[in-house]
Amino acid sequence: MAKRVAKKSWAEPYKIKMVEPIKMTTRGYREKAAKEAGYNTFLLKSEDVYIDLLTDSGTNAMSDYQWAGMMLGDEAYAGSRNFYYLWDNVKKYYGMPYFVPTHQGRAAEHMISKIMIKPGDFIPGNMYFTTTRVHQELAGGTFVDVIIDEAHDAQSKHPFKGNVDPRKLEALIKKVGADKIPYVFMAGPVNMAGGQPFSMANLKEVSKLTEKYGVKLWFDATRATENAYFIKMKEKGYEKKSIEQILLEMCSYYDGLWVSAKKDLMVNIGGFLATRNKKVFEEARNMVVIYEGLHSYGGLAGRDMEAMARGLEEMVQFDNISMRVRQVEYCGAELEKYGVPLVYPFGGHAIFLDAKRFLPHLKQDLFPAQTLAAEIYIDSGVRGMERGLVSSGRDAKTGEHRYPKLELVRLTFPRRVYTQSHIDVMVESIADVYEKRKSMKGLKMVYEPKYLRFFQARFKKL
Ligand SMILES: *Cc1c(COP(=O)(O)O)cnc(C)c1O
């Protein structure tokens, strides 16, 4: 018998039981579709997309275990069985005693901002996130970026580019005063930096600092299991700990957290906030009635909460999270072979193309990342999204563009949806676009909405 050797290859830890056919289109068809969508990938029709890497938000494939749970929805207006099961699992996996469900993550951000922020306050965080910052600003606060400098450098290979710089944080506290800072927040991994994690050591340091000044520390735990995975793989002392243990330890340093369940929990809709702060909990439980629905469903059906509760049990399984991050790594390693400029290290949920180096002949005003996302769609029907000048928006006070250092196209992997063969096709297309890069001339914005403009802005080709 042949000797068994250590295996280098890996495969998806599931098999396919139901399929959803996808439409194949021609280049001519896609050119027309892109033009009609104002060269904004958010405005394309899903049925015109071949491989959809727009986002990992709500695009997950649920397991048979989750689908079976959908049949057990207790659709009572008040006190649904699924709500209590979900609450138990939130306590178990995040270690937070109090819980309020919401229809999405931004609804939780909205309530937390309204409850905690007073006009004139400052909210430091490890880089902005679009919906997080807009709610902080609408509540009268000013977001302050206290992430380490390496996070703004696409080429830095720092293993924990999501870390907070404690010196920046302390300097801000000293400058504006602790009473002007309702809370510090950390997201992990940091989406806008390219899916970069923070380390447990950094979290401990930040937690000590916030304790010293009596400032609360909150967690955007939307992709917390990816952060836990990176800690396990990269940080000394965590190699033997389970994802479940690392997640609990992370959460133990926070006063509370919010989650978009459309990510880690592998469902199509849902969110929540969870906290150990009874006062915030009581206010949120009251407020949710105005914006979302009764505190025992928060804008969700009973069956949605059941799928979330079951998703929580699956998200902490090592095979599940490891396959996810390794799929992203595989894509990055393949693109690298063609010399395509990427953000390093590869993130947990997405590969980011460095549009500044991909299209160095285009000034940032010509929207290089927006241009690149449109060209990739036209080439092969692969849909990514812009994370650059358009996403960054305008300064709330001056009305000027906020020019971000990073000008990126994000290719985000829906959980359990695509196979390695899809990735191979996508890589070939991006390599082709890279060959033709000099022919691209940029875009002009012809329609700009007031809030979160990247979702609905329209462009014309130059
Ligand atoms: C998606 C996301 C949100 C917002 O959640 P929604 O469910 O889309 O409203 C907040 N923070 C992060 C890090 C996210 O990725």
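Indexing begins at 1, ligand by ligand and atom by atom, following the structure's order. Throughout, residue positions are numbered sequentially from 1 according to the sequence presented.
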Just need the protein heavy atom nearest to atom 14 (C) of ligand 1, so name the residue and atom and give the distance. Lys263 NZ, 2.9 Å
Given His349, Gln104, Glu109, His135, which one has a non-hydrogen atom that is nearest to atom 10 (C) of ligand 1? Glu109
salt_bridge(Arg303, Glu75) N-O dist < 4.0 Å: yes
Could you point out which residue of Tyr254, Phe272, Phe219 forms a ring-ring contact (aromatic ring centres under 6.0 Å, His included) with Tyr94? Phe272
Taking NZ, NE, NH1 and NH2 as the nitrogens, is one of them in Lys263 or Asp56 under 4.0 Å from a carboxylate oxygen of the other? no
Residue-level breakdown please: for Lys262 versus ligand 1, do any non-hydrogen atoms fall below 4.0 Å on the side chain, on the backbone, on both, or on neither? side chain
Atom 8 (O) of ligand 1: which protein heavy atom is closest, and how many Å away? Arg106 NH2, 3.0 Å
Counting each atom of ligand 1 from 1 as listed, which ones have a heavy atom of Gly105 under 4.0 Å away? 5 (O), 6 (P), 7 (O), 9 (O)
Checking a contact table here: which protein heavy atom is nearest atom 4 (C) of ligand 1, and how many Å away? Thr131 OG1, 3.5 Å
With no hydrogens and no angle check, do the side chains of His158 and Asn163 hold a donor and an acceptor under 3.5 Å apart? no
Salt bridge or not for Asp121 and Lys118, using N-O below 4.0 Å? yes
Ranked by distance from atom 7 (O) of ligand 1, the top protein heavy atom is Ser260 OG, 2.6 Å
Atom CD1 of Ile147 and atom NZ of Lys168: how far apart are they, to the nearest 0.5 Å? 8.0 Å
Ring pair (Phe, Tyr, Trp, His ring centres under 6.0 Å) between Tyr39 and Tyr377: does it pass, once the steps are laid out? CA-CA 9 Å; Tyr39 299 99; Tyr377 169 73; 9.8 Å; no
Closest approach of any protein heavy atom to atom 12 (C) of ligand 1, naming residue and atom: Asp220 OD2, 3.3 Å
Distance from atom 3 (C) of ligand 1 to nearest protein heavy atom, with residue and atom: Phe129 CE2, 3.5 Å
